[in-house]
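Quick notes on the structure that follows.
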Amino acid sequence: MSLTRRPTAALAAAGALLAMAATAPAPAAAAPAPVAAQQAEADRHVMGMVPAGKPIPVAPSAAERRSAAADPAPLTVQQAQHEARRHARPAPAEEAGFDVARAAGPRILREKFSPPSQPEDDFVSECQTTAAATSERGHMRNRLMWCARYDAYDYILDTRGRQTGFLFMPVIAIGYGRDDGQRNITMFLRPEAVYVGGSYTPASTFGFEMECYRNTPGCSISGGKQLLPVAAWLAHATAKTWVSWQLDSDETVSTLDDKALYHPFNFEVTARDGRTADEENQYFVRCDSAEYFLASRTKACIFHDVIPHLQYRMYEADGSRTVVYAVAEHIRDAFANPDATYPRKLDGPKRIPGRYGAQPVQEQYLERVPVGGTVHTANGREKDRACDRTTPYQDTGLPQSPGEGEQCDEYPFASTQQGASNPNWDFSVRAVPTGDNSRAGSALRDFYRDDRILYSENKPFGEWNDAFYVEIIESSGGSGGGSGEVDHAPVVNAGPNVSGDEGSAIALHGSAADRESSPAVSWSYTPGTDVDAGATCRFADANDPQTSITCTDDGTFTVTLTADDGVNAPVSDSATVSIDNVAPRLTLTAPNPWQLFRARTSMAVTATFTDPGTNDTHTCTVDWDDNATGSAAADNRTCTLRRAFAHAGMYTLGVRVTDDDGGADDGGVMIVVYDPDAGWVNLDAATATPAGALTGANPAAWSWSHLTARYYTQAGPPTGEAKTWIPDVFRMEPTSRLEWLVVTPDGKVAAKGTSTTGTGTAVGFVLYGYRGCAATGPDCQAGPSRMRAVVWPSSTGAIPGATITYDNVRGGDYDIDRFTPLPLTSGSVQIHH
């Protein structure tokens, strides 16, 4: 079972959730596989930092541990360039798009960009509310602004694989490139919430470090390891303050055009015990010193993981045509029906390249070439031939030559490797208004500058140094139709996996956000296959992302948080709640300790219990202490079992209640069973008196006891007397106040009563005896006869308690079958029938 996540930025806005306490519910992995005691300490961690949209692993596999132990091989300059090309992907529709039809907006880059001293609030908010930030690629507003959200975690496991401590910290990272003449990027990071528990405390340390992944040449990072106490990270989350790093690129080591270098970076986390874990998520930065940009922008660093796209919009929001309408229409038609374009292609179908979103991607991008260079000049010459009706092209029928106020527009652009002179012949020309063509060309130049598109002159076809796409937006509202701005779907996170006990409220740390509105949210749950039928759960507030869930049974439940903004389809995210069984708690209500029962007369054992797992069923068992057991199903959280004992004795009853998941609780009580017909006793005996037998004194070497006891009637207590003394030290006076007499079939006797000492103190007593014989048989025990005397102040209770006046077997159980009395030094134990 894997962990699936992740409080996000919405938690940072909810200050109450930025609480950190050892009592906080653990976002724990569900029942990791046991970890053998002989494994290394590293095997008892589950730690790392993953994109918030990616499940947290339960435990590293052996292969992952071996992989993590070996540093990745360094990359050369050329290898880094190749890896960066392979890693780059077309930007999503709302990222890295240069909309030339709008004078201002979030995707239009500034004339010259320098990183701010702190992340800008609008970009932070954008990152918090876009699902792209939780992906492995992160979110790019453009090639100079990148962000991502992560879940940093460290789960501590003992040798049995049980969680003993945890840290869970959702974080946001904001990165800024620059094109102001310097070769570096700035990275900011802050936690959005901090959760710890168990052995993790506010004083424990945790840290992050930005690294030059694969040690690419020319890469260096300042800022070091940000290793702070958990309490300090909580302060950053509460105050919304940042830690930062700077990646610098040394142009002198580059062997590529424009002194370009490609640097992958990643993050490393450091746990409280100093153990580190490298995250293999890598993001490429490209730095260059291209001199064909503005003088103030000859050096720059951009995020390279997305391929940008130039956007030509056909209509304004009011439905009017944009100033580049004719060019956009030309490119749209070329994409939609390439074989209808001019000039005709006679040796096969046309495939007009550069269309954003087209497949296969590797055949569709465009590459920039220098204006006035060999390819650009050849493209212009071929375009002019296609537009000149006096050339052989006229045989294929140019629909309309450029007239007054018009120019011949070509696509792909003359400033690209894929232009009219490309041997593939996949291009189109059309007469368009001069104004539209001029403004579209100016926008293309701005795009090259602001998205830092490098030249690819004289490179073999298919080996690009930089690439881009073209997107034609037909509607006024965006690609895909409609009017007005796109209403974004909510971003919802169910929070980290959590665990707790059945019947207890377990906190859920979900979040939901929407750029345009506050979406309606609701929780639901689904029991797993390991949950017993009939189990139910309830949410404290099913419409609050920050709530709790209470379930009536143990097992694995999937909780799902759904957000609905009323415009888009509802969006959901799920987390796992792992619920542990709680054993029932037993209270033995009957019989009472030392309670007296008559042999062959029914008696009852009654126990009640509590169990927070209200869906559990229970069974009660009794060990009757005579090789017999009994069991019964519980009824209304109560167990009652009955029986009659055939023989006199002292019985320690063991009572257990067990739920259907194996949780159990035990209770026990000793009872006394007498039988008036079992016989009577005459005990006159002396034993050694161990040191400590008499409280507060070290008596002489022996003590003496006397007991005569007999049931003369079937009703009432026995008749007789008892006394015990130690010469010159202690004396319990003779008494006829006996409460009961036990004579067992195997030669054991016991009698309980009350008396006074020689000083007049009221006492209770129990005298025990074994009748010895050569071999155990009826009425005797193998070995010498034995005796024990126990005396205690009556003021402490009717049965022996913490204060004992005299006991020659100190610390022994009071059940006659569970201790061995001292052998007699003189006298005898006699049983009569």
Side-chain angles (χ1 to χ4, degrees), residues 594 650 679-710 717-743 747-773 780-816 818-832:
W594 294 72
M650 302 175 77
W680 64 93
V681 64
N682 184 21
L683 182 154
D684 278 287
T687 66
T689 302
L694 181 67
T695 298
N698 190 10
W702 60 275
S703 60
W704 182 83
S705 294
H706 165 71
L707 170 66
T708 59
R710 179 175 184 176
T719 300
E721 69 172 13
K723 56 185 176 181
T724 293
W725 72 90
I726 302 171
D728 304 322
V729 179
F730 170 76
R731 183 179 184 87
M732 185 186 79
E733 298 293 346
T735 181
S736 59
R737 298 178 61 188
L738 298 178
E739 297 174 9
W740 49 258
L741 168 67
V742 168
V743 179
K748 300 173 183 175
V749 299
K752 180 177 181 292
T754 58
S755 184
T756 57
T757 67
T759 60
T761 301
V763 294
F765 70 88
V766 182
L767 293 181
Y768 301 90
Y770 283 12
R771 178 177 175 266
C773 60
C780 72
Q781 290 284 303
S785 295
R786 297 174 178 271
M787 189 271 293
R788 179 187 183 186
V790 182
V791 182
W792 68 92
S794 295
S795 61
T796 64
I799 59 178
T803 302
I804 300 296
T805 303
Y806 174 77
D807 185 354
N808 63 0
V809 187
R810 286 268 184 173
D813 200 321
Y814 295 113
D815 185 333
I816 197 171
R818 294 173 178 257
F819 67 88
T820 303
L822 293 181
L824 303 187
T825 56
S826 63
S828 66
V829 177
Q830 300 177 9
I831 298 174
H832 306 280

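Keep in mind that the numbers below use all heavy atoms, side chains included, and drop hydrogens, waters and symmetry copies.
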> Is a donor on one side and an acceptor on the other found under 3.5 Å between the side chain of Thr724 and the backbone of Met732?
Replying inline: no

> What distance do Met787 atom CE and Asp684 atom CG have between them, rounded to the nearest 0.5 Å?
Replying inline: 10.0 Å

> With a 4.5 Å heavy-atom cut-off, do Leu822 and Tyr770 have their side chains touching?
Replying inline: no

> How many angstroms lie between OG1 in Thr761 and CD in Glu733, if you round to the nearest 0.5 Å?
Replying inline: 11.0 Å

> Considering all heavy atoms of both residues, which atom of Tyr806 and which atom of Ile726 are nearest to each other, and what is their separation?
Replying inline: CE1-CD1, 3.7 Å

>> Please report the interatomic distance CG(Asn682) to CD1(Ile831), rounded to the nearest 0.5 Å.
In response: 11.0 Å

>> Set out, in order, the CA-CA distance, both residues' side-chain angles and the distance that settles side-chain contact (heavy atoms from CB on, under 4.5 Å) for Thr708 and Glu721, then state yes or no.
In response: CA-CA 6 Å; Thr708 59; Glu721 69 172 13; 3.8 Å; yes

> Could you give the distance from CG (Asn808) to CG (Leu694), rounded to the nearest 0.5 Å?
Replying inline: 11.0 Å

> To the nearest 0.5 Å, what is the distance between CZ (Arg731) and CH2 (Trp704)?
Replying inline: 8.5 Å

> So do the side chains of Arg788 and Arg786 get within less than 4.5 Å of each other, counting heavy atoms only?
Replying inline: no

> Under 3.5 Å, is there a donor-acceptor pair between the side chain of Ser785 and the main chain of Leu824?
Replying inline: no

> So which heavy atom on Val791 is nearest to which on Ile804, and how close?
Replying inline: O-CG2, 3.5 Å

>> With a 4.5 Å cut-off on side-chain heavy atoms, are Tyr768 and Met650 touching?
In response: yes

> Distance-only, no hydrogens or angles: does the Trp792 side chain make a donor-acceptor pair with backbone N or O of Gly797 under 3.5 Å?
Replying inline: yes

> Looking only at heavy atoms, which two atoms of Pro800 and Trp594 are closest? And how far apart?
Replying inline: CD-CZ2, 3.5 Å

> Below 4.5 Å, heavy atoms only, C-beta onward: do Arg771 and Cys780 meet side chain to side chain?
Replying inline: yes

> Yes or no on side-chain contact (heavy atoms from CB on, under 4.5 Å) for Thr757 and Phe730, after CA distance, side-chain angles and deciding distance?
Replying inline: CA-CA 8 Å; Thr757 67; Phe730 170 76; 3.9 Å; yes

>> Please give me the minimum heavy-atom distance between Arg810 and Thr805, naming the atom from each residue.
In response: NH2-O, 3.7 Å

> In Å, rounded to the nearest 0.5 Å, how long is the span from SG of Cys773 to CD of Gln781?
Replying inline: 7.5 Å

> Would Val749 and Trp680 count as a side-chain contact (heavy atoms from CB on, under 4.5 Å) if you check the C-alpha gap in whole Å, the side-chain angles of each, and the deciding distance to 0.1 Å?
Replying inline: CA-CA 9 Å; Val749 299; Trp680 64 93; over 6 Å; no

> Do Val742 and Ile816 have side-chain heavy atoms sitting under 4.5 Å apart?
Replying inline: no

>> Please find the pair of heavy atoms, one from Pro793 and one from Thr803, that lie closest to each other, and give the distance.
In response: CD-O, 3.6 Å

>> Taking the side chain as everything from C-beta on, heavy atoms only, tell me whether Glu739 gets closer than 4.5 Å to Thr754.
In response: yes

> Which pair of heavy atoms, one from Gly769 and one from Leu683, lies closest together, and at what distance?
Replying inline: CA-CD1, 4.0 Å

